[in-house]
Number of protein chains: 2
Amino acid sequence: MDSDAHAPDPSWWGRPNRNQSRSTLTREAIVTAALAVFDQVGLEGLSMRRVAEALGTGAASLYWHVADKEQLIHLLLDRAMGEIELPEPDPERWEEQLREFAHAGRAMFGRHRDLALASLGRVPMGPNLVRLTEWLLAVLHGAGIPSRPAAWFGDVFALVGAAQAVEDHLATTGDMSEFTAMGEYLAALPPDRFPNIAKASPELVAGSADDRFEFTLELLLLGLASYIKAEPR
Amino acid sequence: MDSDAHAPDPSWWGRPNRNQSRSTLTREAIVTAALAVFDQVGLEGLSMRRVAEALGTGAASLYWHVADKEQLIHLLLDRAMGEIELPEPDPERWEEQLREFAHAGRAMFGRHRDLALASLGRVPMGPNLVRLTEWLLAVLHGAGIPSRPAAWFGDVFALVGAAQAVEDHLATTGDMSEFTAMGEYLAALPPDRFPNIAKASPELVAGSADDRFEFTLELLLLGLASYIKAEPR
DNA sequence: ACCTGAACACCGTTCAAGT
DNA sequence: ACCTGAACACCGTTCAAGT
């Protein structure tokens with residue numbers, strides 16, 4: 001008997017999806033995994049090691065495809081920006097379209113709890129932010145708003161949108177939110193020393209996230225309108 | 001000869017400032033040290049270990065006086081807010097006073113490079129933010145602005161101020177700043193596919209930090225004015 | 001009451017070595 | 001060209017033990 005004589009492997013022993021399941025690492029795949037991890041554990045919990053683990057590999061392997069954790073966050077942000085769908089720019093309805101855009105952005109941030117926080121202090125310029133920028137400028141230019149205020153307004157708009165989304169998040173976070181704790185602190189201040197806080201105390205904290213969002217949006221749009229009128233060139 | 005016979009220490013060997021230099025740890029002292037470390041190494045570089053080292057002790061010692069790194073950051077923010085000096089509220093000059101307030105805030109953020117970034121996504125409510133809030137509400141109430149828009153406007157105002165300060169920082173950071181790199185990227189985009197970016201490309205990036213700051217400030221003030229008029233109750 | 005050292009369970013990143 | 005394990009130099013926080 002010859003113990004060296006092996007029968008060939010049967011066909012059904014073949015590894016499934018030879019080149020797919022043991023998926024080769026891709027930048028795309030890494031960003032996808034990172035976004036999933038991010039959605040589960042937040043910005044604080046996001047780590048190269050965890051992303052790697054989700055891909056069944058080690059952290060060091062990521063560095064062939066990605067420069068940095070910081071770069072990965074930028075890629076992740078751009079990926080999420082891609083979820084915002086845009087209608088054809090319609091100059092006639094520019095104000096309405098800006099409102100719709102704001103709501104679409106807010107919805108996107110709402111789907112990824114910590115994304116707004118991650119976006120503050122970063123300018124995740126990439127294909128998708130380019131796309132959004134082009135659209136926004138098209139709408140503003142179409143409305144007859146000159147380049148300078150249009151460009152600068154876009155900046156403020158994005159920023160306020162993100163910041164507002166962070167507040168949305170704060171206001172709806174676990175147990176007794178920071179928000180209500182703050183309300184109690186403010187309400188308990190001596191009214192004679194802080195008369196204006198005492199007077200406004202309910203308003204400082206109350207109001208639904210929706211109401212606040214609309215207020216801020218309106219503030220910006222009204223500001224924009226006035227500015228255009230005040231400085232038409 | 002008796003080797004146990006020691007001469008007493010001469011007076012000039014005494015430890016300087018017996019109860020002061022070997023300073024007992026205080027929350028105050030910790031916050032001071034933390035702010036100093038923060039100014040040197042930024043938000044990224046701030047660590048409990050480094051703060052402790054600056055105080056000549058170990059990280060564990062801080063935890064008697066401070067709950068968290070997170071709490072320490074809040075304390076540090078409130079401390080810095082204390083640097084903003086406020087004039088008597090003068091209802092007659094409310095718009096001008098808001099402008100002065102914005103500039104004072106910007107100057108404070110300018111003194112502590114990473115502080116604006118740290119403040120985004122945090123509501124560092126404490127004695128000093130209370131003080132600033134009371135002042136802001138006094139000015140707005142004095143101007144006849146009702147509590148709700150006043151309160152909500154304060155929010156937006158603080159937020160935009162911080163975000164703007166972050167941009168100030170980005171625009172002036174080391175070597176070739178992210179800002180100019182972004183400008184080159186945008187300018188190099190195919191103009192036929194991104195006509196509006198092509199048209200606005202210089203404006204997207206150009207303009208001094210001062211100009212942008214004034215633009216944003218004006219936008220908010222004009223928005224506020226319009227809002228009041230539009231919704232007087 | 002306050003401080004400490006040592007430990008725990010993590011990090012991001014690099015680098016020689018493998019295929 | 002791409003992936004890996006092990007190492008380096010860090011983290012925040014806890015906890016028993018000291019004074």
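As the structure is a computational prediction, the values presented were derived from the model and not from experiment.
In this entry D:dA1 has C:dT19 as its Watson-Crick or G-U wobble partner, both defining distances falling under 3.5 Å. In this structure C:dT13 sits in a base pair with D:dA7, meeting the Watson-Crick or G-U test at under 3.5 Å.
Contact check, A:His65 against D:dC3: a side-chain N or O comes under 4.0 Å of OP1 or OP2. Residue B:Ser61 has a polar side-chain atom (N or O) positioned under 4.0 Å from OP1 or OP2 of C:dT4. When the side-chain nitrogen and oxygen atoms of A:Ser47 are compared with OP1 and OP2 of C:dC11, one or more of them lie within a distance under 4.0 Å. Residue A:Arg50 places at least one side-chain N or O under 4.0 Å from the OP1 or OP2 atom of C:dC11. Close to D:dC2, at under 4.0 Å from its OP1 or OP2, lies a side-chain N or O of A:Trp64.
The CG atom of A:Leu62 sits 13 Å away from the P atom of C:dC11 (whole-angstrom rounding). Protein atom CD1 of B:Ile30 is 11 Å distant from nucleotide atom C1' of C:dC3, rounded to whole Å. Distance CZ (B:Arg49) to P (C:dA9): 15 Å, rounded to an integer number of Å. Per the geometry, CE belonging to B:Met48 stands 17 Å off C1' belonging to C:dA6, to the nearest Å. When rounded to the nearest whole Å, the span between CG of A:Leu55 and C1' of D:dT4 equals 15 Å. Protein atom CD of A:Glu53 is 14 Å distant from nucleotide atom P of D:dT4, rounded to whole Å. To the nearest angstrom, P of D:dT13 lies 8 Å from NZ of B:Lys69. Rounding to whole angstrom units, CG of residue B:Leu72 and P of D:dC11 are separated by 14 Å.
A donor-acceptor contact shorter than 3.5 Å links the side chain of A:Trp152 to the backbone of B:Glu203. Here the side chain of B:Asn196 pairs no donor or acceptor atom with the backbone of A:Trp135 at under 3.5 angstrom.
For B:Arg49, there are no salt bridge (charged side-chain N to carboxylate O under 4.0 Å, His left out) partners two or more places apart in sequence or in a different chain.
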Per-nt protein contacts along nucleotides 14-19 of chain C (heavy atom under 4.0 Å; B base, S backbone sugar-phosphate only, - none) come out as BB----

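Remark: aromatic rings of B:Phe109 and B:His169 are distant, center separation not under 6.0 Å.
A salt bridge is absent between B:Glu134 and A:Arg193; no separation between the charged side-chain nitrogens and carboxylate oxygens falls under 4.0 Å.
A:Asp114 places none of its side-chain heavy atoms less than 4.5 Å from the side chain of A:Glu44.
Classified by interplanar angle (parallel below 30°, tilted 30° to 60°, perpendicular above 60°), the ring pair B:Phe157/B:Phe101 is parallel.
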